[in-house]
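These notes concern the structure reproduced below.
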Amino acid sequence: MTVASDAHTDHTPGAPAPLAAAYQPAEVESRRYEQWVSGGYFRADATSDRPPFTIVIPPPNVTGSLHVGHALDHTIQDALVRRRRMQGYEALWLPGMDHAGIATQNVVERKLASEGLSRHDLGREQFVERVWQWKAESGGAILGQMRRLGDSVDWDRERFTMDDGLSRAVLTIFKKLYDDDLIYRAERIINWCPRCLTALSDIEVDHSDDEGELVSIRYGDGDDSIVVATTRAETMLGDTAVAVHPDDERYQHLVGREVELPLTGRRIPIVADTHVDPAFGSGAVKVTPAHDPNDFEIGQRHNLPSITIMDERAVVTVHGPFQGLDRYEARPAVVAALRAQGRIVAEKRPYVHSVGHCSRCKTTVEPRLSLQWFVNTGPLARAAGDAVRDGRVRIEPAELAKRYFAWVDNMHDWCISRQLWWGHRIPVWYGPDGETVCVGPDDEVPTGEGWRQDEDVLDTWFSSALWPFSTLGWPDETPELARFYPTSVLVTGYDILFFWVARMMMFGLYAMDGRQPFDVVALHGMVRDQFGKKMSKSFGNVVDPLDWIDRFGADATRFTLARGANPGADVPVSEEWCQGSRNFCNKLWNATRFALMNGATTQGPLPEHAELSSVDRWILSRLQHVIAEVDEQFEAFEFAKVCDTLYHFAWDDVCDWYVELAKPVLGAGGPAADATRRVLGHVLDALLKLLHPVIPFVTDELWSALTGEATLVRGPWPSADPAYLDDAAEAELAALQRVVTEVRRFRSDQGLKPGQRVIATLRGLPGAGLAAHEPLIRSLARLDAPEEGFAATASLAIAGGVDVELDTRGTVDVAAERARLEKDRAAAEKEAAQCRAKLGNPAFVDKAPDAVVAKIKDRLAVAEADLARIAAALEALPTS
RNA sequence: GGGCGCGUAGCUCAGCGGGAGAGCAUCCGCCUUACAAGCGGAGGGUCGCAGGUUCGAACCCUGCCGCGCCCACCA
C-alpha cells in the first residue's frame, strides 16, 4: 500500500485538492458545465437590484450545426458576459435560434428530393410539419455544441423566432406598420428565383461576374432604325419602348416616333430618358418594364405598358415559336430568328458582366414584375442612421460605421413577402369583394364565404429584426423588457451588418418608442486559416470546432479564437496555434500545481508592506498594471490584446520569473516563505479570475483547487490597487533579470553544460540595488561562490553597473568569449555613435523635448560605461 | 463605377512621430526537484516602391505598384 490516494476521494472543502499531472479537459469540462447549469449561475434575475448587462445571441439558423465562425462569435459574447457577471452585473445572455425561412426550407426540400418527393407531394401542412421535425433535430445539435463551448447562456430563456411569443410579436408589429402606412402591397419588379419560386430581397442576391453574350439588334428599318444591345435577347419579346438620352443628338429625330419590334410585329415608341448613358454601346436601350428594374422605372416615367413574357419558372409564355422554352433555350432561339432576318449587327462573346444569383441555390435571378408586400423603409432607415450619427449607438470599430451609413442612407423599400411555406404567414385576409384586412394578434380572423389568407410568408429577417425585444416579452410590458432592454452589446460578424443589424435598428427604434435595441455593436471578422485564406469545403481548410474541443479542449479552442480577435478584423487560426493554446492551459495547470504543492494560500490578507520582499512587490506591481490593462482592453473589445497581456504575464512574469525566484525562498522557509506563499496565492487567484471569461473551464477548476471554493463564475472580478504599484521594485527586478540573462547567455555561448560548476564574484550589486539578491542571482544563474585560489578568467559587463567575474579555468573557450565580447562592443559602439550623432545635432537639442534629449544622454552614458567594461574584459582575456 | 481597408522576421499579426516587437516556425544546448504540452540561449526585417513634411518617419502627406473586402440598375 502507498499513501497516495485518489484525487477525488479525500478532498475536504476548503483544503486544496491534489491535481493530476497534466490537464485533461474532457472530464473537467463536462463536470464543470453540469455544475454551472445545475447551480443556476447563468440565470439572470429580472427583479434583482444589480445593474443589468444584456446580450442577445445572434440566433443561429436551424439549418445545420455550428461552425468555427459561431465559435468565435460565442467566445466573444461569453467572455463579455462572464466578465460582467463576475463584476456583479445582472448579466443575461439570451440564447435562441432562427427559423431561417428559405435556407431551412431548402434543406428540407433537398432531403425530400433524396426520397424522390417534392414539397407539393406533401402539401403545405405536412411539409411544415416535416420542417418542425428537422428543427428539433438540428436545434438539439446546436444546443449541444453551445454546451461544449461553455456558453454561459440563460437556458431558461431560450427562444425561437417561430415560437408563440415571437409570432405574436411579428403579428403586432406587422399590424402597427400596416396601420402607420409603412407596409404596403404593390406590383413591382423584384428579384425572383425561378428555382425556389419566390421573391428575394436585394441582400438575398449575390452578384458575380459571369460570361454572357452581348448582341446588338437593329430595331426598325431604314432611316428609322435604331440599334440596341442586350445580354438577354429573349426579353426583347417584352420590349415596349427604346430609350435614348434626351441630349443625344444622334437620335433627336427619332424621339417620339415608333419603330417596329422585330419578330413581334408590334410597334414601340422611342422615348428620351436620362437614365441612358449615351457613351455606352449605341446609346440606345431596349426597354422591358416587366423584366428589368431599370426598365420598369423608365416605364413608370413614360407610362409604358408592361408585358410579362415569362412565368415563374422563367419559361416563355408568349409568341408561338418561343412559347414553352426555358429562358436559356429561348435566348439562342431568339438570336437565331433575328439573325435569319439580318437584324443581328454585332456580337460580343464572351462578354463578362455582373449577374445576380439566388444566395441560397445559386440559380440566376430573373427580375420579375409581381405583386408583393413591402416595408416603406424611408422613415425607419433615417431613424436607424440617426441613432448612430448622434451617438446613441456606437459601432466598433468605428470605421465600419461608414458602411452602415452607406447602407441605411440608400435603402430601397424592403420586399418582405416570400412565396414559401416555412415562416410567419402574412396576417392579411382578402374578402370576396376585394376587401383587405390586416389582423393583429388580438383581432378576430375574418370568417365567412370567400375570405382567404395571403398565401405568402414573411422574409426571415422580418422576425429576426425584432429579436432584441421580442425575446424579452414584447409586445407585453414584461419585467424582462423593462430591465434588460436596450441590450448592452450586439456581437456579430461585419458580414451581417446590413442583413441584420440595420434591420434590428429600424424595428427596435420603431417598436420601442425610439429606444435603440443595443448601445454598442461590436463587430468581429471572419475566421480564416493560418494563411489568411477563407475556409471552404472545396479547399479542405475548414475547422470543426467540436474536433478541436475533443482534441485540445474547449478552453484551448476559445483562447485560439480570442487571441486573434481584434475589432472588425478577420481571425486566422490553425491547429498548431490551438496546440499552443492547449499548452498554455497546461502551463496554468502546472503553475497551480506547484503553488499547491508549496502551500500557496488565498486565505487571509496579503502581508504588510514591510514583510514583502522586492520580488513580491515586483509581481504585485506587475499584477496591478495587468489588471488595469485587461480592463481597458475588454472595454475596447480588444480580445487579442487581453489574451496577449495575460499570456505574457502568466508565462513570463509569473512562471518563468516569479515561481523560479520563489523556489529558493520557499525552500528556506521562515517568514519570507510564508509571505511568498500568500503572494503566490494572491497572484494566481487574480490571474485565474482575469482569464476566466476567455478560458472558463480550466480556470474554474484550478481556482477551486486553490481556494476550496465551489466556483468563480460569480466573481468577484479583480480590481487594480494603486497602493501596490512599485516602480522601484520593477526597476530592481529588471536589473536582476538582466544580470541573470547575461550570465545564462555567457554559459550558452561557452557551451557550458547546465551542471557545469562555475565560480564567480559579483561586483556592483549594491550600486544596482541588487545587494540583497546575490543568493537569488547565484541560484538562477548557477554561479558558485568564490573559494581559495579564485582567479577571474572572464568578465561580464552588464548594463546597470554590475560586473561578473568568472573563474572558468579549464572550461572557458577564449576564442568564443572574445567573439562574444567583440559583438557586444560593436553593438555598444553603434549605440553610442547614434546617440552622439543626435546630441551633436543642434537642431535636435534645440527642438526636441527635454525628456527625449535626457533619454538620449542616459543611453549614451550607459553605452559608454558598457564600452569601458567590455574593453577591460577583453584586456583580461588570456592571450593564447 | 463608387467606398473602405491592407502591404512590418519564413507564416499570422501588434506597434502608428523619438532605442524594430510577439506567437508559431528555424538553429544550438538541456529529462535543472510544477510542467519535454517543458527549460535556457541564438539567428532572422534598408517596416511594398518613390517623393514630401519634420531636428527626427514603419508611423503624417502625395503619387505609384500589389492584394483584399463592401456597395452599385453597366443595357
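Within every chain, numbering begins at 1; the chains are lettered A, B, ... in the order of the sequence lines, protein sequences first and strands thereafter.
A:P664 has its side chain within reach of A:L776: a pair of non-hydrogen atoms, C-beta onward, lies under 4.5 Å apart. With contacts defined as side-chain heavy-atom distances shorter than 4.5 Å, the pair A:D866/A:D824 does not qualify. Counting only heavy atoms from C-beta outward, the side chains of A:K533 and A:R528 never approach each other to under 4.5 Å. Taking 4.5 Å as the limit, every side-chain heavy atom of A:V227 sits out of range of all side-chain heavy atoms of A:I217.
If you check every strand for non-hydrogen atoms under 4.0 Å, A:Y23 touches a base. Within 4.0 Å of A:R859, counting heavy atoms only, lies at least one base atom of the nucleic acid. A:H648 comes within 4.0 angstrom of the backbone, heavy atoms only, and of no base. Using a 4.0 Å heavy-atom cutoff across all strands shown, A:R782 reaches at least one base atom of the nucleic acid. Residue-level contact check: A:E638 touches neither bases nor backbone, having no heavy atom under 4.0 Å from any strand. Here A:N586 lies in heavy-atom contact (under 4.0 Å) with a base. Here A:V659 lies in heavy-atom contact (under 4.0 Å) with a base.
Contact check on A:K823 versus A:D749 returns no salt bridge, with no Lys/Arg side-chain nitrogen under 4.0 Å from an Asp/Glu carboxylate oxygen. A salt bridge links A:E575 to A:R551: at least one charged side-chain nitrogen sits closer than 4.0 Å to a carboxylate oxygen.
Stem regions annotated for RNA chain B: B:1-7 with B:65-71, B:10-13 with B:21-24, B:26-30 with B:38-42, B:48-52 with B:60-64, counting only runs of 3 or more consecutive pairs of Watson-Crick or G-U type with both contacts under 3.5 Å.
For RNA chain B, the span of nucleotides reached by chain A at under 4.0 Å from its heavy atoms goes, 5' to 3', from B:C11 to B:A75.
In this structure, CG on A:N841 lies 11.5 Å from CD1 on A:I856, to the nearest 0.5 angstrom. Rounding to the nearest 0.5 angstrom, the gap separating the NZ atom in A:K286 from the CZ atom in A:R232 is 7.0 Å.
Both A:G283 and A:Q834 lie close to RNA chain B; mapped to their nearest nucleotides by heavy-atom distance, the more 5′-ward contact belongs to A:Q834. Nucleotides of RNA chain B nearest to A:D529 and A:A406 differ in position, and the one nearer the 5' end is that of A:D529.
The environment of A:E632 atom CD is sparse: at most 12 non-hydrogen atoms of other residues, nucleotides or ligands sit within 6.0 angstrom.
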